[in-house]
Amino acid sequence: APTPTAEDINRGVDWLTRFGYLPPPDPVTGQLQTQEELSKAIKAMQEFGGLKPTGILDEATLELMKTPRCSLPDLSQSEATRRKR
Amino acid sequence: NIQMVTKWNKRNLSWRVRTFPKASSLGHDTVRALMYYALKVWSDITPLNFHEVAGNNADIQIDFSRADHNDGYPFDGPGGTVAHAFFPGDHHTSGDTHFDDEEFWTFRSSDVNGMDLFAVAVHEFGHAIGLAHISDMESIMRPYYQGPVGDPLKYNLPYDDKVRIWQLYGVRESVSPTAKPEVNGDEDHPFLPDLPENRSTIQPRKDEPDRCNTHFDAVAQIRGEAFFFKGKYFWRLTRNKHLVSLQPAQIHRFWRGLPLNMDSVDAIYERTTDHKIVFFKGDRYWVFKDNNVEEGYPRPITDFGLPPGGVDAAFSWSHNDKTYLFKENLFWCFNEREHRMDDGYPMETTLWKGIPTAMDDAMAWSDGSTYFFRGKEYWKVLDNKMQAEEGYPQITARDWLVCSDMQSDGPSAESSRTGAHSRQGQHDESRSENAYEVCSCTS
């Protein structure tokens with residue numbers, strides 16, 4: 001499968017944060033999101049969307065991220081944080 | 001599972017469309033009617049009552065907004081995020097529902113770029129009364145737009161969605177969990193026009209077939225929906241057999257890559273192995289990934305081991321993941337996994353008892369049955385049997401395409417042509433005896 005471009009990854013991280021799969025980066029500690037967190041978040045999004053949970057930004061995942069949708073997040077922030085923990 | 005969120009303590013909720021879409025062909029009355037019916041989907045089965053009010057303090061204030069509109073959920077133009085709503089609560093925005101004014105909002109339209117306003121409104125009002133997103137592919141509360149959900153007057157919430165809202169509010173007195181809510185005619189429901197209001201842009205095209213008076217070139221289940229193909233057009237039915245639009249869509253505008261001079265198709269099926277869609281026409285076939293043809297097609301049907309001469313019907317049988325191809329009185333069985341025809345084929349179609357030869361097409365449907373279509377009639381074969389059910393053939397247009405006044409036991413499909421007419425609002429000059437235009441309208 002083609003590897004996602006840097007732009008895809010950025011857009012993917014933004015999308016995952018926006019819809020509750022990734023907690024926003026912590027402004028106080030400046031902690032960045034780790035690859036592991038990102039992979040977990042992608043997997044959560046894939047399971048939620050009915051895709052195969054590969055944990056990578058594959059074509060089907062990028063395609064689903066482009067699908068028109070409701071603005072509200074799919075998971076509440078506490079849920080995402082709990083996933084992070 | 002997603003945690004439950006807040007709910008309304010009161011049962012009577014007011015709503016109001018404060019702003020309307022600026023660039024949509026939908027008039028204000030149609031928008032208000034669609035909101036009314038979208039709310040009614042929920043009030044029909046719960047003790048909630050919705051009433052429209054004027055003024056700025058409705059519980060559910062509905063706006064069509066653009067880009068950043070100061071609520072932390074900026075819209076992003078066509079596509080992307082299309083709408084949102086705020087959960088119940090005491091905050092003044094609780095229950096408010098916003099639609100992206102830059103979406104192409106449609107109603108009863110087959111336009112693939114349109115966003116069905118009714119479908120999105122039902123989803124958002126689910127939020128406004130307390131439901132969160134859920135991953136269930138069938139749910140109206142899935143976060144992704146899944147296309148039109150059919151006729152607002154007939155729409156029926158998926159059962160799991162009913163259960164979830166019943167957990168919040170209980171069941172409306174007049175409804176038992178299993179009874180179908182009745183819409184009784186004597187309430188003053190707002191009028192929903194049959195066709196989009198600006199008729200001038202959607203006049204029936206001259207070569208547009210009449211779905212109630214025709215036989216079909218091909219019928220297929222694709223991604224769970226039923227597609228009926230006739231000439232250059234097709235009709236589409238949702239999973240629960242609701243016609244997406246009375247107006248057919250043009251094949252070439254949806255299925256990209258077919259030759260523009262192709263005036264019809266012979267047979268179509270969705271491959272179970274990779275969910276690609278195969279179109280047959282004459283001695284050639286095309287393979288589509290979603291609605292774009294793949295490179296390298298068309299190819300000859302001899303790829304399948306079929307003789308030249310074309311295919312009448314094709315369907316993929318979920319019982320064995322094999323594809324059955326019919327031509328006149330013969331049929332073949334193609335093994336998709338091994339990419340070869342099963343031994344011993346072709347066989348006589350008569351092995352399928354009660355099924356006609358030289359059929360128009362066949363379709364495996366989500367009820368596990370297989371349907372065979374010829375002329376204006378269809379036959380049903382249950383599960384993995386090879387015998388038509390008692391009581392068939394029946395009339396295709398009546399049972400699948402929202403047509404009425406058909407006699408299924410007429411002498412023959414063709415001769416029953418005069419017995420059928422399209423039920424909703426279609427002009428049919430050919431029937432005017434005294435040179436007046438005839439228009440039938442039943443809603």
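Residue numbering restarts at 1 for every chain, and letters A, B, ... go by the order of the sequence lines.
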Using modelled atom types only, decide if a donor and an acceptor are shared between the side chain of A:E47 and the backbone of A:P53 within a distance under 3.5 Å.
no

Correct closest heavy-atom pair for B:A85 and A:L72 would be O-CD1, 3.1 Å

So, the part of B:D136 with a heavy atom under 4.5 Å from chain A: the answer is neither

For A:D58 and A:T61, does a side-chain donor sit closer than 3.5 Å to a side-chain acceptor?
yes

Where does B:F86 contact chain A at under 4.5 Å (heavy atoms): side chain, backbone, both or neither?
neither

Beyond-backbone contact of A:L16 with A:I42, side-chain heavy atoms, under 4.5 angstrom:
yes

Using non-hydrogen atoms only, which part of B:E103 is less than 4.5 Å away from chain A: side chain, backbone, both, or neither?
neither

Heavy-atom pairs under 4.5 Å with chain A, option from B:H98, B:R142, B:Q146, B:M141 with the top count
B:R142

